[in-house]
Every structure is written in C-alpha cells, then in structure tokens.
Amino acid sequence: MENTPENNFAQLGLTLPPAPKPVGVYKPLLIVDKRWVYVSGHGTVQEDGTLIKGRIGKDLDAEQGKLAARQVGLAILATLKANLGSLNRVKRVIKVLGMVNCTTEFEKHPFIINGCSELFAKVWGEENGIGVRSAVGMGTLPDNIPVEIEAMFELEEK
C-alpha cells in the first residue's frame with residue numbers, strides 16, 4: 001500500500017467524527033494564497049456529535065486529556081477532509097496551538113497536546129506531520145471542553 005496520508009490514516013483503524021459546524025461567526029477552515037490552510041479552533045467532537053467535557057486535573061486525568069486531544073485532532077482531520085476532499089492534499093503540518101482547560105495546579109500541557117501531535121505524525125509521517133507547537137493552560141474553554149486546538153497546514157502544490 002502506498003504511503004499517503006489517507007492510507008496512513010486508514011491503517012490506524014480510527015474513525016473521523018462529523019466535521020464540526022461553526023457555532024459562532026467564523027470559518028472552520030481558510031485557504032490563503034492556494035498554499036496555506038488555517039483551521040479554526042476545534043473541540044472534542046466525538047463520532048456521535050457529542051463533546052468530551054471536563055476539566056483536566058479535576059474531572060479528567062492526564063491520559064484522558066491526551067485522548068481528548070487526539071479526538072480534537074480527529075475533528076481537525078474531518079474538517080480538512082470535508083473541505084479539501086482528501087488528506088492527501090495536505091503536504092505538512094506547520095503549526096499547532098493547543099489549549100488545555102485545566103486546574104491551576106496542572107502543568108503537563110505538552111503531554112496533553114501530544115495526543116493530537118502524535119496523530120498528525122502518524123498521518124503525515126514524522127518529517128511532515130510534526131510542526132511547531134504551543135501548548136498552554138486555560139482557565140476555561142467553551143462548553144467546558146478539556147482541549148481546543150487550532151492548526152496551520154501547507155498544501156501540496158498542484
């Protein structure tokens with residue numbers, strides 16, 4: 001089997017949730033100069049459309065938070081696929097900004113966001129699937145979701 005993002009994703013045996021619809025005044029995805037893809041902040045949308053909720057360090061532990069971040073990564077992939085038609089159109093991950101809804105004592109924000117970063121590395125490979133990144137703690141996030149992530153990607157040249 002050819003080593004493409006679509007094939008790599010299929011080999012993971014994971015399922016994409018429905019691509020989230022905007023709940024405010026914004027676009028879920030924007031292509032700039034036919035090369036850069038900006039993806040708005042995504043939450044923990046599951047296959048049935050519900051959200052994973054809770055604060056890390058209080059309602060969820062670090063492992064549950066990491067799985068929640070992977071779920072956000074899946075929601076981002078769903079948005080990419082819905083808008084681009086195929087994950088193969090994405091050449092590389094440029095930047096990931098991960099926001100963690102956590103208690104003031106919680107300090108392992110990068111560990112949580114690894115849930116998304118590791119997923120992207122498996123889909124696009126380590127060379128193209130790992131970009132620059134920030135992982136920060138937040139006092140709250142919309143609907144009490146544990147993780148919100150926004151990302152920037154580079155498209156394949158046609």
Practice problem: Identify whether Leu141 and Ile113 are in the same connected component of the hydrophobic contact network (ILVMFWY, side-chain heavy atoms under 4.5 Å). | Solution: no

Quiz item: What residue among Asp59, Thr44, Asp143, Asn144 forms side-chain hydrogen bond (donor to acceptor under 3.5 Å, both in side chains) with Asn101?
Solution: Asn144

Self-check item: Check: Arg89 and Pro5 side chains under 4.5 Å, non-hydrogen atoms
Solution: no

Exercise. Give, for atom CD1 of Ile112 and atom CD of Gln64, the distance between the pair rounded to the nearest 0.5 Å.
Key: 9.5 Å

Exercise. Answer yes if Phe111 and Phe120 sit in the same cluster of Ile, Leu, Val, Met, Phe, Trp and Tyr residues linked by side chain heavy atoms under 4.5 Å apart, and no otherwise.
Key: yes

Self-check item: Contacts of type ring pair (Phe, Tyr, Trp, His ring centres under 6.0 Å), residue Phe106, not counting sequence neighbours
Solution: His109

Exercise. Output yes when a side-chain donor or acceptor of Gln71 lies under 3.5 Å from a complementary backbone atom of Ile52, and no otherwise.
Key: no

Exercise. Please collect all ring-ring contact (aromatic ring centres under 6.0 Å, His included) contacts where either partner lies in residues 53-91, sequence neighbours excluded, each pair once.
Key: none

Quiz item: In Å, rounded to the nearest 0.5 Å, how long is the span from NZ of Lys95 to CD of Glu150?
Solution: 8.0 Å

Quiz item: So, do Phe153 and Val90 sit near enough that their side-chain heavy atoms are less than 4.5 Å apart?
Solution: yes

Exercise. Mark yes when over 12 heavy atoms from residues, nucleotides or ligands other than Lys58 sit less than 6.0 Å from its NZ; otherwise mark no.
Key: no

Quiz item: Sequence neighbours excluded, which residues qualify as side chain to side chain contact (heavy atoms under 4.5 Å, CB included) partners of Asn8?
Solution: Asn3

Quiz prompt | Pairwise side-chain contact, His42 with Glu148, heavy-atom cut-off 4.5 Å (strictly under) | solution = no

Exercise. I would like to know whether Glu118 and Lys66 meet salt bridge (Lys or Arg N to Asp or Glu O under 4.0 Å); could you show each step before the answer?
Key: CA-CA 10 Å; Glu118 290 169 3; Lys66 185 176 179 182; 3.2 Å; yes

Exercise. Take Leu67 and Arg70, measure what side chain to side chain contact (heavy atoms under 4.5 Å, CB included) needs, and give me the verdict at the end.
Key: CA-CA 5 Å; Leu67 287 173; Arg70 182 180 78 174; 4.2 Å; yes

Quiz item: Any side-chain heavy atom of Val147 within less than 4.5 Å of one from Ile56?
Solution: yes

Quiz item: When you look at Glu107 and Cys102, which way does the side chain to side chain contact (heavy atoms under 4.5 Å, CB included) test go after all the steps?
Solution: CA-CA 9 Å; Glu107 298 177 345; Cys102 59; over 6 Å; no

Exercise. Tell me whether Met99 is reachable from Val93 by hopping between hydrophobic residues (I, L, V, M, F, W, Y) whose side-chain heavy atoms are closer than 4.5 Å.
Key: no

Quiz item: Shortest non-hydrogen contact from Ala75 to Pro20?
Solution: O-CD, 3.9 Å

Exercise. Say whether, by atom type as modelled, one donor and one acceptor occur between the side chain of Asp33 and the main chain of Arg35 under 3.5 angstrom.
Key: no

Quiz prompt | Side chain Arg92, main chain Ile130, donor-acceptor under 3.5 Å | solution = no

Quiz item: Same cluster or not: are Val136 and Leu60 linked, directly or through other Ile, Leu, Val, Met, Phe, Trp or Tyr residues, by side-chain heavy atoms under 4.5 angstrom apart?
Solution: no

Quiz item: Looking at residues at least two apart in the chain, or sitting in another chain, which of them share a side chain to side chain contact (heavy atoms under 4.5 Å, CB included) with Pro28?
Solution: Pro22, Thr79

Exercise. Can you see which heavy atom on Ala19 is nearest to which on Ala78, and at what distance?
Key: CB-O, 3.7 Å

Practice problem: Keeping to residues at least two apart or across chains, list the ring-ring contact (aromatic ring centres under 6.0 Å, His included) pairs with something in residues 9-41. | Solution: none

Quiz item: How long is the span from the CD atom in Glu156 to the OG atom in Ser86, to the nearest 0.5 Å?
Solution: 10.0 Å

Quiz item: Atom CG in Leu12, atom CG in Leu119: separation rounded to 0.5 Å?
Solution: 6.5 Å

Practice problem: Please tell me if the side chains of Ile31 and Leu84 come closer than 4.5 Å, counting only heavy atoms from C-beta onward. | Solution: yes

Quiz prompt | Same apolar cluster: Ile94 and Leu155, side chain cutoff 4.5 Å | solution = no

Quiz prompt | Pairwise distance CE(Met138) to CD1(Ile145) - rounded to 0.5 angstrom | solution = 11.0 Å

Quiz item: Partners of Lys81 by side chain to side chain contact (heavy atoms under 4.5 Å, CB included), sequence neighbours excluded?
Solution: Glu6, Leu16, Leu87

Quiz item: Under 3.5 Å, is there a donor-acceptor pair between the Arg133 and Asn114 side chains?
Solution: yes

Exercise. Could you verify whether a donor N or O on one side chain and an acceptor N or O on the other, from Arg55 and Thr103, lie under 3.5 Å apart?
Key: no

Quiz prompt | Spacing of Cys116 atom SG and Ile76 atom CD1 [to the nearest 0.5 Å] | solution = 4.5 Å

Practice problem: Report yes if the side chains of Val96 and Ile149 come closer than 4.5 Å at any heavy-atom pair, otherwise no. | Solution: yes

